[in-house]
Amino acid sequence: MNSGPGQETASLPPAIYFDGTSSRRRTVALAFADQFEINEDERPLAAWSYADIRRADSPSGTLRLTCLTAPALARLEIRNAAVAAELVSRCARLDENVPGRHGVAAIVGWSLAAAASIVAVVLFGVPLAADRLTPLVPQVFERRLGDAADGQIKALVGGKVCGNASGQAAFSKLVDAVRKAAELDISIQTAVLSTPIPNAFALPGGTVYLFNGLLAKAENPDEIAGVLAHELGHLKHRDSTRNLIYNGGTSFLIGLLFGDITGSGALIFASRSLVTASYSREAEQNADTFSIDVMQRLGRSPKAMGELLLRVTGKEADRGLSILSNHPLTEDRLKRMTQEDRPPSGPPLLTAAEWASLKAICNAKS
Ligand SMILES: [Zn+2]
């Protein structure tokens, strides 16, 4: 029950509340009842069960709270020490780790918040809202988005991280070579995931995943190096962050999962929204340009990646995909990479033995 005016709600100092769906800052009255009651102008806004309340990151002098059953972005800020102490004494699970569902909620919540904030821009007829917003997203936030997406990706593909010793050593060597040539100014994490989907992609914040299914179809290290360089290109241009803002959480994840590398894969779902959730043609071309550039710096073949793509997708023009797909056609990509091809001038990126180890990275024994 919400108490009437002038009762216990009035006896506690006010606090600040964000409901998690709008950016509005509300001054609220609090009441310790069966649940923790949050009221505005004597109307109940929320009632949080003490067992569900968790501590959120906050500056010193403020107790910032979140609630498992509230929207992921809902926050209550208490500055009064007495109220904070009373609440802490009632919330036995205040400092328990927020469970995994929050990862999903975080993606959806942040996506909603981002979407809501760009609506105003879109209303003014600017189609490039995501382009304008992306540079404003701080790196630490990007990394959080990536972390949240990370758990989802692993759940979606049911994949485990591969890494027997010899395979991991070869993978690290290849990644290091590409990373150095790419000269990115952000730190990156890379891993091979065990799933038959032939794909690779980059998450906001700097994680690149290579799926074992793509590794299985690759015939030499240059093919994989080109793909890794392509993904670093997406990171450099912050394409995944832009797409996440543009498309929202779930379609972004599914789009990434089936969209990058082999964009037409999204057609499995025969859904336009999922097809468009993959990167734009322009973003793909820029990532390809980056890949070509990196491979040339390594003195290796840029067209190897194109050959791998063609092996995975087959000829796309025959299937009439050019109209539906946002991606450049695989054969067009290969043609472009072939034009940029030079005889190798750098040393092989891996020895034959290392390449064999990398191909077997998901095997139980190294
Ligand atoms: Zn791509």
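Excluded from the calculations below are hydrogen atoms, water molecules and symmetry mates; all remaining heavy atoms, backbone and side chain alike, are included. In each ligand, atom 1 is the first atom listed, and ligand 1 is the first ligand listed.
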Please name the atom of H234, restricted to N, O or S, that is closest to the Zn ion (ligand 1). NE2

H237 and F290 aromatic ring geometry - parallel, tilted or perpendicular at 30°/60° bounds: perpendicular

Just by distance, with hydrogens left out, do D341 and S301 show a side-chain donor and acceptor under 3.5 Å apart? yes

Which N, O or S atom of H230 lies nearest to the Zn ion (ligand 1), by name: NE2

Pair R336 + D332, salt bridge at N-O below 4.0 Å: no

Tell me, please, if E284 has any N/O/S atom, main chain or side chain, under 2.8 Å from the Zn ion (ligand 1)? yes

Please list, chain by chain and in numerical order, all residues satisfying side-chain hydrogen bond (donor to acceptor under 3.5 Å, both in side chains) with S345, sequence neighbours excluded. none

